[in-house]
J.: 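Have a look at this one.
Please read all numbers here as calculations on a predicted model, not as lab measurements.
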Amino acid sequence: VRQTVSFMPEILLVLLVLLGTWFIVRGVKKNRVGEIALGGIFAGLAVLTKEVFAPYFILLTFWIFFIRASRKNKIRWAFAFLVCFILTLTPWIVRNRLTQGKWILFTASMGHSFYLGNNPSVSGRVVGEEWSFESDSSFPVGDPALSSLFTPEADRYLLRLGLEYVGKHPLWFLKQ
């Protein structure tokens, strides 16, 4: 409750995820491609706010194929959603290519974020207070394989470390 008045990207993220999902579901129920397309735009904006929601919206697209409707409608709805979703993300993807010199889908921090939540230093404490970077988690200090942070190379490396940790501690991961 306290965080709802804070200036945080999660507040905007919740609004965009809900709007995206609502327009998709409503568009499918009422057979309105325009609403599904609008859902794709809000979904793209949500992913630009927090890239971790990209898989959610991709799975939501596959949900369309499991509902009762004609194949033609399903393909039309999924196409409208994906086109608007991708068009919303395209300027940022092109910007990443121009600034980083490499194709990066969303940010060079997905691996960073994943590692911060999945590594040996995570305490797992939940006390309702603000997350503290210094005490709640940390990057591997002094690791010679880690280039400067927030580069595509560091992001891939940290993602690999986080995935290795999850692979070695699957029950801990599921518990969190």
J.: In terms of heavy-atom contacts, does CZ of Phe57 have more than 12 from other residues, nucleotides or ligands at under 6.0 Å?
T.: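 Counting other residues, nucleotides and ligands, CZ of Phe57 exceeds 12 neighbours.
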
J.: How long is the span from the CG atom in Asn119 to the CZ atom in Phe114, to the nearest 0.5 Å?
T.: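 Here the rounded value is 10.5 Å.
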
J.: Shared ILVMFWY cluster between Trp103 and Leu89, side chains joined below 4.5 angstrom?
T.: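 In one cluster with Trp103: Leu89, yes.
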
J.: Apply side-chain contact (heavy atoms from CB on, under 4.5 Å) to residues Val25 and Trp63 and explain how you reach the verdict.
T.: CA-CA 10 Å; Val25 171; Trp63 163 79; 4.3 Å; yes

J.: If you count heavy atoms of other groups shown closer than 6.0 angstrom to OH of Tyr165, is the number above 12?
T.: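 Atom OH in Tyr165 is packed in, count exceeds 12.
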
J.: Is it true that Glu164 and Lys168 have a side-chain N and a carboxylate O under 4.0 angstrom from each other?
T.: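 No, Glu164 and Lys168 are not salt-bridged.
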
J.: Would you say the side-chain atoms of Trp77 and Asn31 include a donor-acceptor pair closer than 3.5 Å?
T.: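 There is such a pair between these side chains.
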
J.: Please report whether the ring centroid of Phe42 lies less than 6.0 Å from that of Trp22.
T.: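 No: the rings miss the under 6.0 Å criterion.
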
J.: List the steps, then state whether side-chain contact (heavy atoms from CB on, under 4.5 Å) holds for Ile41 with Phe85.
T.: CA-CA 5 Å; Ile41 292 169; Phe85 180 67; over 6 Å; no

J.: Looking at every heavy atom in both Thr88 and Gly40, which two are closest together, and how far apart are they?
T.: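 Looks like OG1-O, 4.2 Å.
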
J.: Look at the side-chain heavy atoms of Ile, Leu, Val, Met, Phe, Trp and Tyr, link any pair under 4.5 Å apart, and say whether Phe62 and Ile67 land in one connected group.
T.: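 Same hydrophobic cluster.
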
J.: Check the pair Phe23 / Ile36 against side-chain contact (heavy atoms from CB on, under 4.5 Å), numbers first and verdict last.
T.: CA-CA 6 Å; Phe23 275 114; Ile36 295 170; over 6 Å; no

J.: Could you check Ile75 against Phe65 for side-chain contact (heavy atoms from CB on, under 4.5 Å), going step by step and ending with a plain yes or no?
T.: CA-CA 8 Å; Ile75 291 170; Phe65 291 102; 4.1 Å; yes

J.: Using every non-hydrogen atom in the two residues, find where Arg76 and Val33 come nearest and quote the distance to one decimal.
T.: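 Answer, listing the atom of Arg76 first, then Val33: NH1-CG2, 3.2 Å.
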
J.: Between CG of Leu15 and CG of Leu45, what distance do you get to the nearest 0.5 Å?
T.: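 Output value for this atom pair is 10.0 Å.
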
J.: Measure the CG-CD distance between Leu13 and Glu51 for me, rounded to the nearest 0.5 Å.
T.: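 Interatomic distance, Leu13 CG to Glu51 CD, rounded to 0.5 Å: 10.0 Å.
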
J.: Any side-chain to backbone donor/acceptor pair from Asn118 onto Val166? Under 3.5 Å, distance only.
T.: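 Checked: no pair found.
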
J.: Could you give the distance from CG (Leu82) to CD1 (Ile58), rounded to the nearest 0.5 Å?
T.: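 Taking CG in Leu82 and CD1 in Ile58, the distance rounds to 6.0 Å.
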
J.: How far does CZ of Phe81 sit from CD1 of Ile86, to the nearest 0.5 angstrom?
T.: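 Going from the CZ atom of Phe81 to the CD1 atom of Ile86 covers 9.0 Å.
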
J.: Check this for me, if you would: do Lys30 and Glu35 make a salt bridge, where the nitrogen-to-carboxylate-oxygen distance has to be below 4.0 angstrom?
T.: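 Salt bridge absent between Lys30 and Glu35.
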
J.: Is it the case that one hydrophobic cluster holds both Leu48 and Ile93, taking links as side-chain heavy atoms less than 4.5 Å apart, direct or via other members?
T.: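 Linked within one cluster.
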
J.: To check you understand the geometry: which heavy-atom pair defines the closest contact between Ala78 and Thr61, and what is its length?
T.: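 Shortest heavy-atom separation between Ala78 and Thr61 comes out as CB-CG2, 4.0 Å.
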
J.: Just verifying a value: how many Å separate Leu38 CG and Leu19 CG, rounded to the nearest 0.5 Å?
T.: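 That separation rounds to 8.0 Å.
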
J.: Over all heavy atoms of both residues, which pair between Leu159 and Gly111 is shortest? Give the atoms and the distance, please.
T.: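 Heavy atoms only, the tightest pair is CB-CA, 3.7 Å.
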
